[in-house]
Amino acid sequence: EALGTRQYISYHFRDTSVARHHRGGRVHLHVAYYTGKPDTVPHVPDRCIVAGGGVGVDKRTVAIKLDGPQFDRSTKGVTSVGKLARESVAIPALEFNSTLFRYHVPTHPNRTLGAAYFFVANNKFLHTPDLVRLKGFDPRDRYSYYCKIELALGEIGSADEAAERASKFLSTFMPEIMACLPDWQQLNERSINHDQGT
């Protein structure tokens, strides 16, 4: 109810390639999906964490870089086949911006925690709520959706470390997430066919 959608997932993951208690070994993935007109998109970490008592350290833009053999680059764009979905999906970009919010909780002022987030809006990666409203939608589009993707990274030492950990995680999970979102090319083809009466 607080999110304004019933379509979301919220999972904890552990990186089994590092020791169980390694600082960078856990990620909390939260994905919330919306369709229709964009609202004020209030549920981002720099608002919610502060409202819950967290103390902000800083907020900045960091680059996410998706990499690996699972991404097929061609003149028509980037596609990938997920391990779970096992179907080819379009990936809007292999490098894009996200917002990193660093903070601490009052009981542990010496531990800096980090959360990175961005949005997929009509098959575009956008890193702020304002960009979702300003650039996420074309008035000519018959359909619209946006999806917030948020990673709680736990304790982090620097923005570079956060970007590296987020990039590593998302290189595996973006194909799975995109496979759950609307196929934008298919929707546009359906819209064109509808307009042409076919």
Side-chain angles (χ1 to χ4, degrees), residues 2-11 27-51 56 58-67 71 73 76-80 82 89-103 114-153 156 159-160 162-188 191:
L3 285 173
T5 180
R6 294 185 178 193
Q7 296 175 296
Y8 68 92
I9 61 169
S10 194
Y11 294 152
V27 171
H28 175 222
L29 170 68
H30 174 73
V31 180
Y33 175 83
Y34 301 85
T35 187
K37 65 180 182 178
D39 63 10
T40 55
V41 198
H43 303 287
V44 291
D46 39 303
R47 296 176 189 168
C48 293
I49 290 171
V50 171
D58 64 10
K59 183 172 83 167
R60 66 181 68 189
T61 301
V62 296
I64 301 293
K65 299 176 182 177
L66 306 180
D67 192 30
F71 297 104
R73 301 155 183 86
K76 294 182 179 180
V78 179
T79 59
S80 183
V89 295
I91 306 294
L94 289 178
E95 186 169 342
F96 54 92
N97 287 331
S98 70
T99 298
L100 172 66
F101 177 61
R102 298 197 307 161
Y103 65 98
Y117 67 89
F118 60 97
F119 301 87
V120 185
N122 285 12
N123 208 45
K124 300 179 192 84
F125 288 144
L126 303 167
H127 67 286
T128 70
D130 289 339
L131 287 176
V132 172
R133 290 190 296 274
L134 294 173
K135 296 186 177 181
F137 306 101
D138 184 326
R140 296 167 293 185
D141 289 336
R142 183 179 296 274
Y143 305 100
S144 66
Y145 77 90
Y146 70 94
C147 172
K148 179 189 72 172
I149 299 172
E150 178 183 318
L151 301 177
L153 300 166
I156 57 171
D160 288 342
E164 184 178 336
R165 286 176 50 200
S167 295
K168 178 182 176 184
F169 181 86
L170 290 168
S171 288
T172 298
F173 275 88
M174 276 315 297
E176 314 302 340
I177 294 169
M178 293 304 297
C180 297
L181 298 179
D183 183 321
W184 196 241
Q185 182 177 349
Q186 189 178 66
L187 282 176
N188 283 331
S191 179

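Note that this is a predicted model, so its numbers are computed, not measured.
For the atom pair E176 CD and I9 CD1, the distance stands at 10.5 Å (nearest 0.5 Å). If you take CZ on R133 and CZ on F119, they are separated by 9.0 Å, rounding to the nearest 0.5 Å. Here the CG atom belonging to L100 is positioned 11.0 Å from the NZ atom belonging to K59, to the nearest 0.5 angstrom. Between I156 atom CD1 and E164 atom CD the span is 12.0 Å, to the nearest 0.5 Å. To the nearest 0.5 Å, atom OH of residue Y103 and atom CG of residue D58 are 13.0 Å apart. Separation of atoms CG (L170) and CG (L151) is listed at 5.0 Å; rounding is to 0.5 Å.
More than 12 non-hydrogen atoms from other residues, nucleotides or ligands lie less than 6.0 angstrom from NZ of K124.
Using a 30° and 60° split on the angle between ring planes, Y34 and Y146 fall in the parallel class, below 30°.
R47 approaches P129 most closely through the heavy-atom pair NH2-CG, 4.3 Å. Residue S80 comes nearest to F71 through the heavy atom pair CB-CD2, 3.8 Å, listed as atom of the first residue, atom of the second, then distance. Heavy-atom minimum distance, A166 versus I64: CB-CD1, 3.6 Å. For Y33 against P182, the heavy-atom pair with the smallest separation is OH-CG, 3.4 Å. Shown here for P92 and M178, the closest heavy-atom pair between the two residues is CD-CE, 3.7 Å. The shortest non-hydrogen separation linking L131 to L126 is O-CD1, 3.5 Å.
K135 pairs by the salt bridge (charged side-chain N to carboxylate O under 4.0 Å, His left out) definition with nothing, not counting sequence neighbours. Y117 meets the ring-ring contact (aromatic ring centres under 6.0 Å, His included) test with no other residue; sequence neighbours excluded.
For Y145 (side chain) and N123 (main-chain N/O), a donor-acceptor pair under 3.5 Å exists by modelled atom type. For the pair S171 (side chain) and D67 (backbone), a donor-acceptor distance under 3.5 Å is present. No side-chain donor-acceptor contact under 3.5 Å links S98 to the backbone of F118.
L181 pairs in a side-chain contact (heavy atoms from CB on, under 4.5 Å) with only one of the listed residues (V120, V31, V89), which is V120.
A heavy-atom distance below 4.5 Å is not found between the side chains of C147 and Q7. With a 4.5 Å cut-off on side-chain heavy atoms, V62 and D160 do not count as touching. L66 is listed as a side-chain neighbour of I91, based on a closest heavy-atom distance under 4.5 Å. Looking only at side-chain heavy atoms (C-beta outward), F96 and H127 stay at 4.5 Å or farther from each other.
Between R60 and D46 there is no salt bridge, since no side-chain nitrogen of the basic residue lies less than 4.0 Å from a carboxylate oxygen of the acidic one.
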